[in-house]
Amino acid sequence: MKQLSVTRFSLIAIVIVQLAGCNGRPSVQEHAGNDVPQYVLAIHGGAGTLSRERMTREQQDQYTSKLNEALEAGEAVLSSGGTSLDAVRAAIMIMEDSPLFNAGRGAVFTNQLRVELDASVMDGQTRNAGAIAGVTDIKNPVLGAIAVMENSPHVMMAGTGASDFAAGQGLEIVENSYFHTERRREAVKRQIEAEKQGTVGAVALDTYGNLAAATSTGGMSNKRYGRIGDSPVIGAGTWACNSTCAVSATGHGEYFIRNVVSYDIAALMEYSGMTLNEASGHVINSKLVEAGGTGGVVAVDRYGNVSMPFNTEGMYRGYVKSTGEKEILIFRD
Ligand code: ASP
């Protein structure tokens, strides 16, 4: 009888943990350490052929200061008790509004010399997600993705349907020319390799222990119009689940879709017991390299560990923790 009740208890416990899903106890054996930060934010501004030789000091400073502004905006949300979702939104909007990055204003052109934008978001507590793809007029694509997640029964909306939905949600709609910059026009005309990068992304852990991730991009320069990359694909460009990690990716999207990169990192943590660093390093520096894909991710786990691996020359990236730890990097230092 005693034996039976123990078995029953175990079964009930298993069911509770499984039902808890992303809220449940982590299945990974990651060390928490003594100083689990209360909050963490990590961001990227794209990966690619970035080297000191190709960038002037002034350009480096421009990127560093915009990344810093994005980190500060997200940190202000987290330090005042805001959610990880609000923090990733705040950080991404700063980068979407900046012509420096390939997201929102300053996004790359398609082969038809227009801009088509993709974005996605995922809430690690609920595993709810939203995405927009191939939109040409939503000023801040990340807001479109959040609106799909929060105010529709869908996960992904595309093209004019997504724009109409966003307009109905009160989001700002702009002419396609709002996104255009001379630099990106030149890049597509002259097929400048170094101008491809600049996708933006953010991952955060908030003071409530919840993770969130979001990604926003213009895609690949000179892409065939209608092409959709990994950034709006949940599991490829973006993933968040409280029991493992939050991930935002950047790189050659077709490879990230075929290799389900963001989810693969979480799956390795969940099923193989890898730490965040082991899982993200393995996926980006082994599996993706073997597949021929280039790019990187920023990721954070529920203990506030940050990982930012990339297999390109450089990746605009940075993170800040409640402990005061902060770093902003561009090159492979
Ligand atoms: N991943 C994006 C895409 O393929 C591009 C990038 O991150 O640079 O659309």
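All ligand and atom numbering here is 1-based and tracks the order in the structure.
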Beyond-backbone contact of Leu85 with Val121, side-chain heavy atoms, under 4.5 angstrom: yes
Distance only, no hydrogens: is a donor on one side chain within 3.5 Å (strictly under) of an acceptor on the other, for Glu96 and Ser216? yes
Near Ser231, which atoms of ligand 1 are under 4.0 Å from a heavy atom of that residue? 1 (N), 2 (C)
Considering both backbone and side-chain atoms of Asp230, is one of its nitrogen or oxygen atoms within less than 3.5 Å of a nitrogen or oxygen in ligand 1? yes
My understanding is that we take every heavy atom of each candidate and find the minimum distance to atom 5 (C) of ligand 1. Doing that for Ala249, Gly251, Gly229, Gly296, which one comes out nearest? Gly251
Polar contact flag, side-chain donor to acceptor under 3.5 angstrom, Ser231-Thr215: no
Check contact between Gly46 and ligand 1, using heavy atoms of the residue and a distance below 4.0 angstrom. no
Look only at interatomic distance and state if Gly253 has a nitrogen or oxygen under 3.5 Å from any nitrogen or oxygen of ligand 1. yes
For the backbone of Ile257 and the side chain of Asp230, can you confirm whether one donor and one acceptor N or O come within less than 3.5 Å of each other? no
Candidate pair Asp118 and Thr217, rule side chain to side chain donor-acceptor pair (under 3.5 Å), full reasoning: CA-CA 5 Å; Asp118 304 331; Thr217 189; over 6 Å; no
Contact atoms of ligand 1, heavy-atom distance to Thr250 under 4.0 Å: 6 (C), 7 (O), 8 (O)
So, Thr83 and Asp206: side-chain donor and acceptor under 3.5 Å apart, yes or no? no
Glu254-ligand 1 polar pair, N/O distance under 3.5 Å: no
Structural part of Arg227 in contact with ligand 1, heavy atom criterion under 4.0 angstrom: side chain
